[in-house]
Amino acid sequence: MSFPLLTATAALPAIGAVATAAVPAQRRTAAKWLALLVSLATLVLAAVVLVRFEPGGARYQLTESHAWIADFGVRYELGVDGIGVALLALTALLIPFVILAGWHDADPLETHSSRWRPTQGFFALILMVEAMVILSFEATDVFLFYILFEAMLIPMYFLIGGFGDRAHAGTDENAAAQRSYAAVKFLLYNLVGGLIMLAAVIGLYAVAGSFSLSEIAEARANGSLEMATSTERWLFLGFFFAFAVKAPLWPLHTWLPNAMGEATAPVAVLITAIVDKVGTFAMLRFCLQLFPEASKWATPVVLALALVSIVYGALLAVGQRDIKRLIAYASISHFGFIILGIFAMTSQGQSGATLYMVNHGISTAALMLVAGFLITRRGSRLIADYGGVQKVAPILAGTFLVGGLATLSLPGLAPFVSEFLVLVGVFSAYPVAGIIATTGIVLAALYVLVLYQRTMTGPVKATVQGMADLRVRELVVVVPLIALLLFLGVFPKPLTEIVDPAVQHTMSDVQKQDPQPEVEAAK
């Protein structure tokens with residue numbers, strides 16, 4: 001029996017979460033180091049998965065299959081394709097930086113208490129989220145995926161509501177209420193989406209008699225499973241609604257600015273760079289693969305919603321006064337690009353969407369974590385409270401600029417490649433949609449450069465006089481992310497080679513081919 005590598009990749013952070021939570025109250029530093037070492041060991045396992053994955057091999061690799069709830073046909077089935085392995089690697093890569101960036105975010109304000117262990121709980125919850133997200137990228141049983149899709153909401157709820165941003169601590173009496181509101185809103189939105197998805201999961205089992213992706217695909221291929229058109233469309237809507245909430249797609253997006261604004265910067269990264277990717281990933285793995293006809297039927301509406309997300313998110317980012325909420329609205333715009341690429345139903349669009357998931361995760365992590373370091377120093381999230389930071393903290397300002405330029409997809413940085421592929425794929429199939437989407441690029445340049453100009457340039461405000469530049473720990477967090485943005489910006493081939501074969505399988509599922517360019521015959 002071969003070593004269960006995929007199980008180990010998810011089990012290690014889960015076991016690490018339990019061990020971290022069990023560290024005695026007085027040993028907060030030990031808990032931090034334990035969580036960091038576990039996340040690094042998970043990254044090593046993820047690297048082994050990446051090395052062992054063969055891009056030209058079977059669609060799902062390193063598979064595992066065991067009986068779980070036999071009476072209901074539920075199995076513990078795992079496997080990764082190129083899309084799943086890329087997002088698994090992204091998750092394992094970002095978690096050590098999240099832990100390092102949040103090194104002091106959960107230190108208790110009252111050090112005399114020996115019973116309260118907020119530090120241990122904070123890092124244990126992060127590791128638990130990592131375990132569930134990784135397993136969701138590996139699950140090929142629909143019911144197993146659903147359990148993980150819902151279960152990850154619990155640790156995220158406590159991370160948002162119990163360990164909120166301390167930028168207003170001691171000055172804002174409503175801070176705790178705002179955190180609680182953001183956490184409850186996050187939970188309710190996603191729970192409603194999950195309950196609708198549960199009905200669709202049960203409906204799928206009633207029609208297909210199985211929860212296994214491979215069994216359902218085989219049954220559809222050999223003609224033994226036929227879904228009525230109306231049934232397939234209703235099931236698609238049940239799945240898609242849940243994924244659109246998680247993504248988040250307009251108009252189901254309103255929980256994200258609250259959650260990211262009230263969470264600590266590392267938890268905000270956990271939300272938008274990692275957890276939200278489960279929604280867009282699931283659109284590719286489940287919606288398009290299980291319901292190809294319904295996916296094509298819904299394409300015009302989904303494209304319209306994605307375009308609204310792109311423009312709406314960018315416009316609201318331009319008008320924000322809060323740094324973290326600006327980044328949140330920018331992420332809504334970026335997720336619009338991802339969903340646009342997925343439902344353009346072209347290989348360039350879907351490859352670009354997958355690359356966008358990875359590159360958006362890296363660029364948003366870089367920008368949000370540097371913003372978190374800035375906010376921690378000043379104690380305010382308001383843009384108006386800053387000015388002239390580049391003169392007193394040039395390294396902080398420089399890394400903030402690079403993160404911002406990556407967010408607006410500057411050529412030479414990783415997000416440019418993915419955004420370019422998405423637009424090429426969309427233009428080839430839906431030219432009008434491509435034209436509208438390009439407005440998001442213009443608006444992105446506006447909100448990023450205005451943010452930098454208002455916070456980093458101009459006269460040095462008295463409130464930022466003496467602000468410390470990035471420390472060694474903070475540089476260890478930011479520098480590798482910037483290096484990765486540069487590397488993937490000029491050499492994306494290692495990532496595209498992994499992703500492209502999986503995209504071709506998805507294109508085959510929906511029976512779509514890339515539009516052929518019209519070339520006038522030479523006269």
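As a basis for the values below, the full set of heavy atoms in this structure was taken, side chains included, without hydrogen atoms, waters or symmetry mates.
- Within the 3.5 Å criterion, the main-chain N or O of V424 finds no donor-acceptor partner in the side chain of Q348.
- Judged by distance alone, with hydrogens and angles left aside, the side-chain atoms of T119 form a donor-acceptor pair with the main-chain N or O of A106 at under 3.5 Å.
- Here the rule is side chain to side chain contact (heavy atoms under 4.5 Å, CB included) with L252, and of V245, L305, V192 only V245 fits it.
- Checked by atom type and distance alone, the side chain of R377 never pairs as donor or acceptor with a backbone atom of G372 at under 3.5 Å.
- For R471, the salt bridge (Lys or Arg N to Asp or Glu O under 4.0 Å) partners at least two apart in sequence or on another chain are E474.
- Under the 3.5 Å distance criterion, the side-chain polar atoms of R381 are left unmatched by any main-chain donor or acceptor of K324.
- Identified under the ring pair (Phe, Tyr, Trp, His ring centres under 6.0 Å) test for residues 442-474, with sequence neighbours left out: none.
- Aromatic pair Y157/F186: ring centres not closer than 6.0 Å.
- Test V432, L340, V426 against L307 for side chain to side chain contact (heavy atoms under 4.5 Å, CB included) and you get one pass: L340.
- For the pair S418 (side chain) and P415 (backbone), a donor-acceptor distance under 3.5 Å is present.
- Dense packing is recorded around CH2 of W103, with more than 12 heavy atoms of other residues, nucleotides or ligands lying under 6.0 Å away.
- Under the 4.0 Å criterion applied to side-chain N and carboxylate O atoms, E262 and K185 are not assigned as salt-bridge partners.
- Put simply, the side chain of T280 gets close to the backbone of K277: a donor and an acceptor are under 3.5 Å apart.
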